[in-house]
Amino acid sequence: MGKGKKKRQKEKELLEQRQIRFQIYESLASIVFTIVTMLLAIVTAILEWID
């Protein structure tokens, strides 16, 4: 019985680590997307201002 509980606990910990890693990647992707959007807005504003 003890081995089954340890195995389930280890699987649960691995899933939690995967979920945390996924959340970090999701946050980084969101930050990159925001930066790209801001840069595009700035470039568009500059181009509009030049014309």
Side-chain angles (χ1 to χ4, degrees):
M1 284 191 177
K3 290 184 179 181
K5 285 185 179 181
K6 287 182 182 179
K7 186 176 180 180
R8 278 188 245 127
Q9 183 66 25
K10 187 162 186 142
E11 288 175 357
K12 185 178 179 183
E13 289 174 3
L14 289 173
L15 287 174
E16 288 173 354
Q17 288 176 355
R18 257 190 218 157
Q19 184 179 10
I20 291 169
R21 197 174 307 133
F22 180 76
Q23 288 173 347
I24 291 170
Y25 292 145
E26 186 179 12
S27 297
L28 289 174
S30 177
I31 291 168
V32 170
F33 179 76
T34 302
I35 291 171
V36 169
T37 303
M38 291 172 67
L39 289 174
L40 287 173
I42 292 169
V43 169
T44 303
I46 291 171
L47 290 175
E48 289 292 323
W49 182 65
I50 290 174
D51 286 339

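Side chains included, hydrogens not; waters and symmetry mates left out as well; all remaining heavy atoms used.
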*By side chain to side chain contact (heavy atoms under 4.5 Å, CB included), which residues pair with I35, not counting sequence neighbours?*
I31, L39
*I24: side chain to side chain contact (heavy atoms under 4.5 Å, CB included) partners, not counting sequence neighbours*: I20, L28
*Supply the members, apart from L14, of the Ile/Leu/Val/Met/Phe/Trp/Tyr cluster built from side-chain contacts under 4.5 Å; use none for a lone residue.*
none
*Kindly give the cluster partners of L40, where membership spreads through any ILVMFWY side chain lying under 4.5 Å from a current member.*
V32, V36
*Are any of the side-chain heavy atoms of Q19 and L15 separated by less than 4.5 Å?*
no
*asked:* Tell me every residue that passes side chain to side chain contact (heavy atoms under 4.5 Å, CB included) with T37, counting only those two or more places apart in sequence or in another chain.
replied: F33
*asked:* Applying side chain to side chain contact (heavy atoms under 4.5 Å, CB included), can you list everything that pairs with V43, at least two apart in sequence or on another chain?
replied: L47
